[in-house]
2 protein chains.
Amino acid sequence: MIQPTFPVLAPQRRELIRSLVRDEGIVRVEDLRQNLKVSVATIRRDLEILEENGKLQRVHGGAVTMENRLEEAVFDDKTNQASKEKSRIAEEACKLISTGDSVYLDGGSTTLGLARLLKDRTDLTLVTNSLRAATELADSGPKILLIGGELRRISQTMVGPLTSGVLGQVHVDKAFMGTMGFCLKSGLTTTDPNEAFVKNLVAAQAGQVILLADSGKAEKVSFARVSDWDAIDVLVTDAKLPKPFTKSLRKRGLKVLLA
Amino acid sequence: MIQPTFPVLAPQRRELIRSLVRDEGIVRVEDLRQNLKVSVATIRRDLEILEENGKLQRVHGGAVTMENRLEEAVFDDKTNQASKEKSRIAEEACKLISTGDSVYLDGGSTTLGLARLLKDRTDLTLVTNSLRAATELADSGPKILLIGGELRRISQTMVGPLTSGVLGQVHVDKAFMGTMGFCLKSGLTTTDPNEAFVKNLVAAQAGQVILLADSGKAEKVSFARVSDWDAIDVLVTDAKLPKPFTKSLRKRGLKVLLA
DNA sequence: TCGTTTTTGATCGTTTTTGAGAGAAATGCA
DNA sequence: TGCATTTCTCTCAAAAACGATCAAAAACGA
């Protein structure tokens, strides 16, 4: 965490909280209190204001990004477990990328974590609809092809009819996808149909589709259906995924990696 | 902080505050009091005046920049160089935008300045190939259509063959273009042919093409030819542009605005 | 030099922000 | 389910910052 020089003005503090939520996906009131050296009451008030402005979503114990808002059991441990798992998943996924690959990355905090690992991979071609992934790699790293389209503010990704045109003109060897929920019965789901449409389009034409999702998303079902398990080749998740779940997926022919 | 020699004249002190806000992004009343050796009352009066002139935004405890980017100082330096002229040009250009317009913005620091003025313009549709402009308006403002394509790192814009697909599917009322150089004989030129290609494509199909360029770019010729003056409807520049230049352009039917 | 205008600093009542505490609600665990 | 613990909301008071006002100081012009 960035340690600001104290004291900090209120707007500055809120901006700090906001960027922290954006980067980590989730923040805890107690952590913020320690790092910002103010009382929990102030933290709560800040979170309230930021929530009113649509910058984040408060949850019991802290706050999450708007796109992560349907996740529930987020504070599984005293530490920020979810984010640790996410970065381990990203590292595991990174190993799957070969030299010279063309890679697709979609939106979400886990895939953003993967993007951060690619800053030195000038050998790759990265196709993405994530504004944040592109910004993260704006100064160095793979050659970047950003899918055009309408910016969906809540997820900071490009969606809509204009995206399909570009997607039809490129080929990706490996597509790394995030999801809001995955479930044996319903397959992959996410909050927004437009988002789902783009994911589906990519999945349909990628050489290999790799799903990145921490175990907290298992058996969660969201609004918009993305695809069935048939479309997925590899799942990278963490060791907390229930054994039966893993078995069932492997029986279906998926490669399941536990980071 | 720069320690000035005392006493300091009022306008000088205000200019100091202004540059401090620009550099730091945020200042505190108490810090200013200590460093400038004047009472808080004076500081407050200064801040009040600076706010009236639109130089900064007061907050409880101090003040912040108008373009409240608390992070990122790299690119800002570039914008601050000829910033007075550029921001005046941007303000002048902003007046040309009508309610509900669909607007194209291309890359460059002047057009980025214009982007910053659009944070509350939810009535607009903004089409752009500038990653920075999109990032600047990522959280609020116009509906954003980002042109897909390959990211050209040096300019942080999308270029290449993939751009044309998207551009063909949208119409913009007003296109605001930057340039590396403009010259009566050679017209508009820029450093990169790919960049030039996109600019040309946009200019060809926009309802009105508005060129934003400070006078320092006059009679400069760069490598890649963008277009002739025929393609341009309006030039927004500063008062330092030589009179003959202005006359000559007006004779050709261009509207020339001196900010 | 004197009178006028501008700038500055101090004071005071008001508003905003912050922190602490009590009771209510949510969570975890047996 | 019941109980312990954490977290939340609400209220209130202290602290910090604010605006307004007025008098002193400085700058200015005649």
Side-chain angles (χ1 to χ4, degrees), chain A residues 4-18 20-21 24-53 55-64 68-83 85 215-216 218-220 240 242, chain B residues 4-18 20-21 24-53 55-64 68 70:
Chain A
T5 54
F6 296 95
V8 179
L9 262 51
Q12 197 178 10
R13 192 184 53 232
R14 291 187 197 117
E15 180 61 31
L16 215 48
I17 294 175
R18 198 167 90 83
L20 214 59
V21 172
E24 305 285 331
I26 179 170
V27 290
R28 297 171 51 84
V29 172
E30 183 56 23
D31 293 343
L32 291 174
R33 187 191 64 76
Q34 285 176 21
N35 286 311
L36 299 174
K37 319 275 188 207
V38 291
S39 72
V40 287
T42 304
I43 299 290
R44 283 190 226 289
R45 271 186 283 254
D46 286 345
L47 293 180
E48 194 178 359
I49 290 166
L50 288 167
E51 184 174 43
E52 272 171 17
N53 297 349
K55 307 296 185 187
L56 49 77
Q57 168 82 44
R58 292 187 67 184
V59 295
H60 199 87
V64 297
N68 286 349
R69 66 195 155 162
L70 91 154
E71 295 185 33
E72 288 164 33
V74 269
F75 300 114
D76 15 47
D77 228 3
K78 296 231 165 169
T79 56
N80 197 335
Q81 194 77 25
S83 117
E85 268 140 19
S215 57
E219 296 301 356
K220 293 261 161 62
K240 284 186 193 155
Chain B
T5 55
F6 297 95
V8 179
L9 265 53
Q12 196 179 357
R13 192 185 52 234
R14 289 186 199 116
E15 185 55 34
L16 210 51
I17 294 176
R18 198 168 91 85
L20 215 58
V21 172
E24 306 282 331
I26 187 164
V27 290
R28 306 191 328 123
V29 172
E30 182 56 22
D31 290 344
L32 292 174
R33 186 191 63 76
Q34 284 176 22
N35 287 309
L36 299 174
K37 318 279 187 204
V38 291
S39 71
V40 286
T42 305
I43 299 291
R44 281 191 228 290
R45 271 185 285 256
D46 287 345
L47 293 180
E48 195 178 359
I49 290 165
L50 288 167
E51 184 175 43
E52 272 171 16
N53 297 352
K55 307 297 184 187
L56 49 76
Q57 163 101 45
R58 292 189 69 184
V59 296
H60 201 87
V64 298
N68 190 2
L70 296 174

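Bear in mind that the values here come from a model prediction, so they are computed numbers and not experimental data.
Among the heavy atoms of the strands, none lies under 4.0 Å from A:V40.
D:dA17 atom C1' lies 11 Å from atom CZ of B:R28, rounded to whole Å. Across the protein-nucleic acid pair, B:L36 atom CG and C:dT7 atom C1' stand 15 Å apart, rounded to whole Å. The separation between B:L32 atom CG and C:dG9 atom P is 14 Å, rounded to whole Å. Rounded to whole Å, the distance from CG on B:L47 to C1' on C:dT8 is 15 Å. D:dA16 atom P lies 15 Å from atom CG of B:D31, rounded to whole Å. Regarding A:Q12, its CD atom lies at a distance of 16 Å from the P atom of C:dT17, rounded to whole Å. B:D46 has its CG atom 10 Å from the P atom of C:dG9, to the nearest Å. The interatomic distance linking A:K37 (NZ) with C:dT17 (C1') rounds to 20 Å, in whole Å.
The side chain to side chain contact (heavy atoms under 4.5 Å, CB included) test applied to A:R45 returns A:A41, A:T42, not counting sequence neighbours. Under the side chain to side chain contact (heavy atoms under 4.5 Å, CB included) criterion, B:K55 pairs with B:R18, B:L50, B:N53, sequence neighbours left out. Scanning for side-chain hydrogen bond (donor to acceptor under 3.5 Å, both in side chains) contacts around A:E30 gives A:R33, A:Q34, with sequence neighbours left out.
A:L9 and B:A63 make their closest contact through CD2-N, 4.4 Å (heavy atoms, listed as atom of the first residue, atom of the second, distance). Nearest heavy-atom pair, A:E51 versus A:R58, reported as atom, atom and distance to 0.1 Å: OE2-N, 3.2 Å.
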Would you list the protein and nucleotides 19-21 of chain D atom pairs, both N or O, that sit under 3.5 Å from each other?
{"from": "D:dG19", "atom 1": "OP1", "to": "B:R58", "atom 2": "NH1", "distance (Å)": "3.4"}
{"from": "D:dG19", "atom 1": "OP2", "to": "B:R58", "atom 2": "NH1", "distance (Å)": "3.4"}
{"from": "D:dG19", "atom 1": "OP2", "to": "B:R58", "atom 2": "NH2", "distance (Å)": "3.1"}

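For DNA chain D, the stems formed by at least three consecutive Watson-Crick or G-U pairs, with both atom-pair distances below 3.5 Å, span C:1-30 with D:1-30.
For the pairing with B:L47, the side chain to side chain contact (heavy atoms under 4.5 Å, CB included) check across B:L56, B:V21, B:V59 returns one residue only, B:L56.
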Check the pair A:V8, A:L36 against side chain to side chain contact (heavy atoms under 4.5 Å, CB included), reporting the backbone distance first and the verdict last. CA-CA 8 Å; A:V8 179; A:L36 299 174; 5.9 Å; no

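Between A:L32 and A:L20 there is a side-chain heavy-atom pair separated by less than 4.5 Å.
Between B:T42 and C:dG9, a side-chain N or O to OP1/OP2 separation shorter than 4.0 Å is present. At the phosphate of C:dT18, neither OP1 nor OP2 sits under 4.0 Å from any side-chain N or O atom of A:S39.
Judged by closest nucleotide on DNA chain C, B:R14 is the one of B:R14 and B:H60 placed further toward the 5' end.
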